[in-house]
A.B. asks: 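This is the structure I have questions about; it appears just below.
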Amino acid sequence: MSRRGGGPVTVLNVAEKPSVAKSVAGILSNGSFRTREGRSRYNKIFEFDYAINGQPCRMLMTSVIGHLMELEFSDRYRKWHSCDPADLYQAPVMKHVPEDKKDIKKTLEEEARKSDWLVLWLDCDREGENIAFEVVDVCRAVKHNLFIRRAHFSALIAREIHEAVQNLRDPNQLFAEAVDARQEIDLRIGASFTRFQTMLLRDRFAIDSTGEERSRVISYGPCQFPTLGFIVERYWEIQAHEPEEFWTINCSHQSEEGIATFNWMRGHLFDYASAVILYEMCVEEPTATVMNVPHPRERFKYPPYPLNTIELEKRASRYFRLSSEHTMKVAEELYQAGFISYPRTETDSFSSRTDLRAMVEEQTRHPAWGSYAQRLLEPEGGLWRNPGNGGHDDKAHPPIHPTKFSSGESNWSRDHLNVYELVVRHYLACVSQPAVAAETTVEIDISGERFSASGRAILAKNYLEVYRFESWGGSVIPVYEKGQQFIPTTLTLDSAVTRPPPLLCEADLLCCMDKAGIGTDATMHDHIKKLLDRGYATKDANTRFSPTHLGEALVMGYDDMGYELWKPNLRAVMEHDMNEVSVGRKTKAEVLETCLQQMKACFLDARVKKSKLLEAMTIFFERSNNTDEGENQTAGEVVRRCNLCNESDMALRKNRDGNFMVGCMNYPQCRNAVWLPGPTLEASVTTNACQSCGPGPVYNILFKFRQIGIPPGFDVNHLGCVGGCDDILKQLIDICGTGSRSQARRAPDTVPPNNIRGSNTRQSNVCVHCQQRGHASANCPSRASASRNSRRTGTNPINDESTVSCNTCGAPCVLRTASTEANRGRKFFSCQTQGCSFFAWEDSISNSSGNATTWSNSSGSGRRGSRGRGRGGRGGQSGGGRRGSGTSFVSATGEPVSGIRCFSCGDPSHFANACPNRNS
DNA sequence: GCAAGGTC
């Protein structure tokens with residue numbers, strides 16, 4: 001490696017960014033380097049002497065700023081109207097240095113001319129390797145015989161840098177080629193689809209009211225579209241959600257020691273009748289028996305892993321509601337000013353060589369967390385713990401950590417303070433012991449139903465003391481013993497409805513992208529911002545994303561074509577292929593050829609099916625005035641002359657929910673429409689005219705139905721008529737309805753008209769309960785009456801006045817007779833005072849004289865549930881001991897039951913499925 | 001005017 005003729009060699013060292021150049025120069029020169037200006041104001045040149053493997057070297061250290069080059073089409077293809085976008089799949093592409101990087105290139109050329117060796121200090125990832133070859137290309141062009149080597153380092157730590165420079169290797173061509181392939185594919189796909197959809201849609205629709213259509217770019221990109229896809233998919237999921245009512249039994253027990261809230265271990269039931277039966281069983285024999293001995297168990301809550309970019313973005317969004325894009329801007333500024341380490345990193349584990357304690361030491365001066373940092377360093381405190389390993393390492397940067405102490409600089413905004421505080425507290429948390437708690441879970445049995453309650457007592461907060469962003473809720477429950485019995489304080493049957501998931505928030509979106517491999521840690525926030533900038537999505541005050549009409553229409557259009565261009569699969573395949581290239585299993589040429597061939601075929605087909613995109617846009621946007629209408633009429637195939645207005649044709653359309661309809665093209669003046677069966681997968685108008693329907697011609701439609709959507713006996717393929725003669729079509733509409741999503745999705749201003757929507761409801765479905773039409777299954781009157789009846793079956797008239805006084809309020813009780821199966825004929829006392837719900841079985845009262853104020857714990861002995869297992873050890877709580885506590889339940893007597901309220905109107909006299917409001 | 005990837 002030594003230069004012929006001996007003497008020092010001149011070595012040009014190039015790093016990926018100025019900060020790395022400076023750090024490496026500082027480490028190798030032990031802090032004594034000379035600095036001079038380069039052509040670019042950001043990229044200085046540092047000079048020092050060093051010996052590589054015994055060879056004296058005059059070191060020149062400079063940097064680039066990320067990629068030096070960009071990929072571009074040749075001139076002939078650069079203008080949008082210069083070629084067919086399909087040509088972009090084979091148009092020549094070349095790398096060139098953009099204008100703003102020309103000065104860096106000049107510096108490299110000038111320094112390379114003076115140098116003998118070129119040592120590449122680019123980040124040790126695939127992009128870094130690709131940038132290395134860009135640097136090589138520039139330098140070799142001016143100095144052909146440069147000796148070229150690559151330094152490998154994963155952190156700017158002295159030992160690692162010295163080792164790297166003494167163990168120089170060849171740059172990895174395969175890594176660079178993988179990136180070349182990715183760049184070319186991204187450019188060709190992105191440019192072709194962007195030009196295609198922009199030119200197709202921009203001038204045809206009034207997309208916004210600002211009149212800026214002319215400059216609007218409707219971009220497509222293999223990262224931005226899947227990101228949009230996540231937002232749209234969640235939005236559709238929410239729109240399609242149909243609330244379903246469910247029931248759960250809740251139980252609580254208050255004693256002198258506190259209150260325990262028990263959850264039903266069945267969770268909840270969707271079947272009202274079953275829930276009521278189980279509830280009534282519990283109410284009739286309400287004694288709770290403790291089933292387990294609840295020994296407290298030690299539980300830990302561990303601190304987070306060291307901070308990487310995605311985690312920083314997610315946490316800043318959650319804790320401070322900062323957008324990922326703004327977080328990265330602030331983090332970049334803190335990094336530039338030297339307060340935190342490099343903020344674009346995937347790594348979430350510290351190298352064993354990191355001096356972790358020194359970073360804590362720095363922070364001991366801080367007024368807020370300084371004392372915690374001090375305690376961390378005290379060995380007797382036992383607070384220190386080596387940080388966890390999150391399992392990611394980009395081999396280029398350490399996790400984000402503080403690099404310089406600050407108690408806040410004068411030029412910092414609130415966001416700078418927050419991000420710095422998050423980085424510091426996160427770091428201190430990482431090197432701390434986990435929080436410790438004692439957890440207790442008590443399980444009880446009431447009439448064979450199991451309930452459980454959990455309590456948690458925090459024993460040591462540890463890292464939670466400094467990581468104020470996280471908490472660990474703790475609630476203490478009373479102590480129970482196995483076999484102990486008590487009467488619950490409340491025992492209620494509550495109803496609720498299922499809710500759709502929320503819109504995606506920024507942290508959710510980052511999670512989706514991370515899991516699907518969309519973008520990199522350094523670019524994910526850019527893709528999110530791009531969706532907002534392009535007008536594909538909006539973000540509300542809670543940082544939750546919704547698609548705009550444009551975003552939804554684009555996804556719908558491609559979805560209707562049958563393509564998953566908006567799903568992450570395409571990117572995943574590309575990532576996989578890149579890996580194959582980088583390990584040498586496939587060549588760059590192979591991957592390019594296969595991928596581009598497929599994508600071109602897809603592009604050409606999408607262009608053939610452009611009507612799908614136009615149809616989707618038609619749903620949300622008015623046609624623009626400045627276009628020729630010739631093409632607009634092709635959005636639907638004509639089926640017949642409108643038999644209502646007689647002025648226009650009726651055309652086959654697919655609405656935004658994927659449901660098919662034949663609607664008058666004179667909409668909104670005429671709202672005539674025929675909706676087609678919900679399970680229609682495909683429909684196309686044929687040239688066959690129906691022989692019996694008129695006024696003609698009424699063209700037949702060729703249907704393809706979803707197999708799973710239609711009843712047995714119906715064919716998936718059907719040649720049908722919407723003129724009224726087709727019984728099969730009518731039956732399918734009767735049975736299957738005309739689709740379910742249209743009600744769920746928000747109706748845009750343009751379509752569909754009310755009468756169309758009216759015909760497309762579940763009203764035409766057959767109720768699953770009574771097999772009748774005219775109502776939804778959930779509103780079935782038979783079901784509501786059955787529910788009401790089921791409650792009535794337990795109702796008995798008051799049949800006896802009693803001589804028993806209420807054990808709670810002292811008022812006289814009435815004697816009633818139970819009529820449910822388990823307790824038929826059994827008598828019980830019930831207090832009549834409003835608000836008091838005293839209840840006791842007659843046969844459990846020990847004082848048969850009737851003036852009972854106490855009773856034995858033998859209630860239900862010999863019955864299911866075996867109540868006779870003893871009193872338990874805690875006299876005050878033992879079975880039947882209801883002293884002083886108002887128990888708000890009532891048996892199966894039909895009395896109003898506390899806790900049961902209609903979720904719809906709040907009335908305790910009925911459940912929501914029988915609510916008059918709902919049924920109306 | 002287009003992509004995504006670096007980074008100031």
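Residue numbering restarts at 1 for every chain, and letters A, B, ... go by the order of the sequence lines.
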A.B. asks: Report the distance from atom OH of A:Tyr335 to atom C1' of B:dT7, rounded to the nearest whole Å.
C.D. replies: 9 Å

A.B. asks: Please list, chain by chain and in numerical order, all residues satisfying side chain to side chain contact (heavy atoms under 4.5 Å, CB included) with A:Ser546, sequence neighbours excluded.
C.D. replies: A:Leu503, A:Thr538

A.B. asks: Would you say B:dC2 has OP1 or OP2 under 4.0 Å from some side-chain N or O of A:Lys79?
C.D. replies: no

A.B. asks: Within the supplied structure, the quantity of interest is the number of heavy atoms (other residues, nucleotides, ligands) at a distance under 6.0 Å from A:Lys329 NZ; does it exceed 12?
C.D. replies: no

A.B. asks: With a 4.0 Å limit, can you tell me whether A:Arg344 has a side-chain N or O closer than that to the phosphate oxygens OP1/OP2 of B:dT7?
C.D. replies: yes

A.B. asks: Looking only at side-chain atoms of A:Thr523, point me to the closest of B:dG1, B:dG5, B:dT7.
C.D. replies: B:dG5

A.B. asks: When we call it a touch if two heavy atoms are under 4.0 Å apart, what does A:Glu184 touch: a base, just sugar-phosphate, or nothing?
C.D. replies: nothing

A.B. asks: Looking only at side-chain atoms of A:Asp186, point me to the closest of B:dG1, B:dT7, B:dA3.
C.D. replies: B:dA3

A.B. asks: Checking A:Lys609 against A:Tyr558: charged group under 6.0 Å from the ring centre and within 45 degrees of the axis?
C.D. replies: no

A.B. asks: Report the distance from atom CZ of A:Phe73 to atom P of B:dA4, rounded to the nearest whole Å.
C.D. replies: 13 Å

A.B. asks: Can you tell me how far C1' of B:dT7 sits from CD of A:Glu325, to the nearest Å?
C.D. replies: 15 Å

A.B. asks: NA contact type, A:Gly128, heavy-atom cut-off 4.0 Å: base, sugar-phosphate, or nothing?
C.D. replies: nothing

A.B. asks: Which is true for A:Phe193 with a 4.0 Å heavy-atom rule: it touches a base, it touches only sugar-phosphate, or it touches nothing?
C.D. replies: nothing

A.B. asks: Quick one: is the NZ or CZ of A:Lys404 closer than 6.0 Å to the six-membered ring centre of A:Phe339, and within 45° of its axis?
C.D. replies: yes

A.B. asks: Would you indicate which nucleotide in B:dC2, B:dT7, B:dA4 comes nearest to any side-chain atom of A:Asp123?
C.D. replies: B:dT7

A.B. asks: Just the rounded figure in Å: distance from C1' of B:dC2 to CE of A:Met599.
C.D. replies: 14 Å

A.B. asks: Between A:His67 and A:Tyr42, which is nearer to the 5' end of DNA chain B once each is assigned its nearest nucleotide?
C.D. replies: A:His67

A.B. asks: Between A:Glu70 (CD) and B:dA3 (P), how many Å, whole number?
C.D. replies: 12 Å

A.B. asks: If you assign A:Thr520 and A:Gly221 each to the DNA chain B nucleotide with the nearest heavy atom, which residue ends up on the more 5' nucleotide?
C.D. replies: A:Gly221

A.B. asks: From the set B:dG1, B:dT7, B:dA4, return the single nucleotide nearest to any side-chain atom of A:Val217.
C.D. replies: B:dG1

A.B. asks: From the list B:dG5, B:dT7, B:dA3, which nucleotide is the closest neighbour of the side chain of A:His397?
C.D. replies: B:dT7

A.B. asks: Would you mind classifying the nucleic acid contact of A:Arg126 as base, sugar-phosphate or nothing, using non-hydrogen atoms under 4.0 angstrom?
C.D. replies: nothing

A.B. asks: When rounded to the nearest 0.5 angstrom, what distance separates NE2 in A:His527 from CG in A:Leu510?
C.D. replies: 11.0 Å

A.B. asks: Does A:Gln224 make a side-chain N or O approach to OP1 or OP2 of B:dA4 shorter than 4.0 Å?
C.D. replies: yes

A.B. asks: Students often get this wrong, so: under 4.0 angstrom with heavy atoms, is A:Leu187 touching a base, only sugar-phosphate, or nothing?
C.D. replies: base

A.B. asks: Select base, sugar-phosphate, or nothing to describe what A:Gly190 touches, counting heavy atoms under 4.0 Å on all strands.
C.D. replies: sugar-phosphate

A.B. asks: Identify whether any heavy atom of A:Arg571 sits under 4.0 Å from a base atom; if not, whether one sits that close to sugar-phosphate; answer base, sugar-phosphate or nothing.
C.D. replies: sugar-phosphate

A.B. asks: What is the ring orientation for A:Tyr220 with A:Phe225, classed by angle as parallel under 30°, tilted 30 to 60°, or perpendicular over 60°?
C.D. replies: tilted

A.B. asks: Just to be sure I understand the rule, does A:Lys329 reach a base, reach only the sugar-phosphate, or reach nothing, if contact means heavy atoms closer than 4.0 Å?
C.D. replies: nothing

A.B. asks: What nucleic acid atoms does A:Pro18 come within less than 4.0 Å of, heavy atoms only: base, sugar-phosphate, or nothing?
C.D. replies: sugar-phosphate

A.B. asks: Apply side chain to side chain contact (heavy atoms under 4.5 Å, CB included) to A:Asn172 and list each qualifying residue two or more places apart in sequence or on a separate chain.
C.D. replies: A:Glu129, A:Leu174, A:Phe175

A.B. asks: Over all strands shown, is A:Arg182 touching base, sugar-phosphate only, or nothing at heavy-atom distances under 4.0 angstrom?
C.D. replies: base

A.B. asks: Can you see if the side chain of A:His527 gets near the phosphate of B:dG5 - specifically, an N or O under 4.0 Å from OP1 or OP2?
C.D. replies: yes

A.B. asks: Using atom CD1 of A:Ile185 as one end and atom C1' of B:dC2 as the other, report the distance to the nearest whole Å.
C.D. replies: 17 Å

A.B. asks: Determine whether the aromatic ring of A:Tyr220 stacks with the base of B:dA3, defined as ring centroids separated by less than 5.5 Å and ring planes inclined by less than 30°.
C.D. replies: no

A.B. asks: Which part of the nucleic acid, if any, lies within reach of A:Thr198 when heavy atoms closer than 4.0 Å are counted: base, sugar-phosphate only, or nothing?
C.D. replies: base

A.B. asks: Does a side-chain N or O of A:Ser219 approach OP1 or OP2 of B:dC2 to a distance below 4.0 Å, or not?
C.D. replies: no

A.B. asks: Would you call the rings of A:Phe33 and A:Phe46 parallel, tilted or perpendicular, where under 30° means parallel and over 60° means perpendicular?
C.D. replies: perpendicular

A.B. asks: Look at the side chain of A:Arg202 and decide which nucleotide, out of B:dG1, B:dC2, B:dA4, has an atom nearest to it.
C.D. replies: B:dG1

A.B. asks: Mind calculating the distance between CG (A:Leu88) and P (B:dA4) to the nearest angstrom?
C.D. replies: 15 Å

A.B. asks: How close or far is atom P of B:dC2 from atom CG of A:Leu531, stated in whole angstroms?
C.D. replies: 15 Å

A.B. asks: Please determine, for the side chain of A:Tyr342, which listed nucleotide (B:dA4, B:dC2, B:dT7) has the closest atom?
C.D. replies: B:dT7

